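What you see is a predicted model, and the numbers here were worked out from it, not measured in a lab. Residue numbers start at 1 and run along the sequence shown.
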Amino acid sequence: MKVAGQWRYVDRAIDHFGRVIDIVVSSRRDAGAARRFVQRAIGTTKVAPAEVATDQARLYPAVLDELLPAAWQRSDRYANNRVECDHGRLKARLRPMRGLKQDHSARAVIVGHAFIQNIRRGHYELAGDAPVKQRVAVAFDELAAAI
């Protein structure tokens with residue numbers, strides 16, 4: 001995605017249920033950015049995964065061997081379809097916004113999008129018994145009542 005006319009890389013960690021765990025927006029796609037991303041994802045869940053699906057970037061095997069030596073890295077053709085499906089919905093949301101100007105605002109918008117997607121998919125206890133089409137509205141009503 002572009003932020004203020006510059007390309008930025010968006011990395012998303014998604015668990016095996018499809019829940020978005022963490023998001024990192026970085027200006028470079030190097031080993032340092034990959035290391036920070038993996039460390040933040042592990043820190044968020046407090047669990048080391050047994051399997052990690054990535055795209056075919058050359059930097060991931062070295063970083064994953066360093067941080068998760070017991071994890072199996074999948075980078076075959078359709079391994080990261082879950083991430084790519086979520087990416088398509090995000091791009092559809094960002095297109096009418098006509099761009100973002102700062103990295104932290106891009107991260108805030110992407111995290112908000114992930115939160116709404118997680119509510120819509122029923123990953124939280126908010127509005128768990130509500131019909132799918134009304135889940136977001138009921139969840140915000142519950143949040144407003146709690147505040």
Trainee: Write out all pairs satisfying side-chain hydrogen bond (donor to acceptor under 3.5 Å, both in side chains) with one or both partners inside residues 31-48, taking only residues at least two apart or from two chains.
Mentor: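 Residue pairs with at least one partner in residues 31-48: D22-R40, R35-E66.
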Trainee: List for me each residue that meets side chain to side chain contact (heavy atoms under 4.5 Å, CB included) alongside S27, sequence neighbours excluded, and say none if there are none.
Mentor: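 With neighbours one apart ignored, the set is R8.
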Trainee: Can you confirm whether L90 sits close enough to R12 that some side-chain heavy atom of one is under 4.5 Å from a side-chain heavy atom of the other?
Mentor: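 Counting from C-beta outward, L90 and R12 do come under 4.5 Å.
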Trainee: Suppose we screen for salt bridge (charged side-chain N to carboxylate O under 4.0 Å, His left out). Which residues come up paired with D30, at least two apart in sequence or across chains?
Mentor: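 Scan of D30 (salt bridge (charged side-chain N to carboxylate O under 4.0 Å, His left out), adjacent residues dropped) gives none.
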Trainee: Write down the atom of L68, the atom of I42, and the distance for their closest heavy-atom approach.
Mentor: CD2-CD1, 3.4 Å
Trainee: In the hydrophobic clustering (ILVMFWY, side-chain contacts below 4.5 Å, transitive), which residues join Y9, or is it alone?
Mentor: none
Trainee: Only counting residues at least two apart or in another chain, list the ones meeting salt bridge (charged side-chain N to carboxylate O under 4.0 Å, His left out) with R29.
Mentor: D55
Trainee: If hydrophobic clusters are built from ILVMFWY residues whose side chains come within less than 4.5 Å, do V24 and V63 share one?
Mentor: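 Shared cluster, yes.
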Trainee: Taking C-beta and beyond as the side chain, do F140 and I116 meet within less than 4.5 Å on heavy atoms?
Mentor: yes
Trainee: Excluding sequence neighbours, so at least two apart, what forms side chain to side chain contact (heavy atoms under 4.5 Å, CB included) with K2?
Mentor: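 Scan of K2 (side chain to side chain contact (heavy atoms under 4.5 Å, CB included), adjacent residues dropped) gives W7.
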Trainee: With sequence neighbours left out, what residues match D141 under salt bridge (charged side-chain N to carboxylate O under 4.0 Å, His left out)?
Mentor: none
Trainee: Transitively linked via ILVMFWY side-chain contacts under 4.5 Å: V20 with I110?
Mentor: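 Shared cluster, yes.
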Trainee: Using the rule given for side-chain contact (heavy atoms from CB on, under 4.5 Å), can you reason through R107 versus I23, listing the C-alpha separation, both sets of side-chain angles and the distance that settles it, and then say yes or no?
Mentor: CA-CA 7 Å; R107 177 165 163 59; I23 293 168; 3.7 Å; yes
Trainee: With sequence neighbours excluded, what pairs up with D65 under the side chain to side chain donor-acceptor pair (under 3.5 Å) test?
Mentor: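 Not a single residue meets the side chain to side chain donor-acceptor pair (under 3.5 Å) criterion with D65.
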Trainee: Go through the structure and list residues passing side chain to side chain donor-acceptor pair (under 3.5 Å) with H16, not counting sequence neighbours.
Mentor: none
Trainee: Name all residues meeting the ring-ring contact (aromatic ring centres under 6.0 Å, His included) criterion together with F115; count only those two or more places apart in sequence or in a different chain, and write none if there are none.
Mentor: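 ring-ring contact (aromatic ring centres under 6.0 Å, His included) list for F115, sorted by chain: Y124.
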Trainee: Give me the atom names and distance for the closest heavy-atom approach of M1 to A106.
Mentor: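 Looking at all heavy atoms of both residues, the closest pair is CE-CB, 4.1 Å.
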Trainee: In residues 127-137, what donor-acceptor pairs under 3.5 Å come from side-chain atoms, sequence neighbours left out?
Mentor:
| from | atom 1 | to | atom 2 | distance (Å) |
| --- | --- | --- | --- | --- |
| R135 | NH1 | R120 | O | 3.0 |

Trainee: Please determine whether side-chain contact (heavy atoms from CB on, under 4.5 Å) holds for the pair V109 and L94, giving the CA-CA distance in whole Å, both sets of side-chain angles, and the decisive distance to 0.1 Å.
Mentor: CA-CA 9 Å; V109 168; L94 291 176; 3.8 Å; yes
Trainee: Quick one: list whatever passes side chain to side chain donor-acceptor pair (under 3.5 Å) with E142, sequence neighbours left out.
Mentor: none
Trainee: Are the side chains of T54 and Q73 in contact, using a 4.5 Å heavy-atom criterion?
Mentor: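 When only atoms from C-beta onward are counted, T54 and Q73 do touch, with a gap below 4.5 Å.
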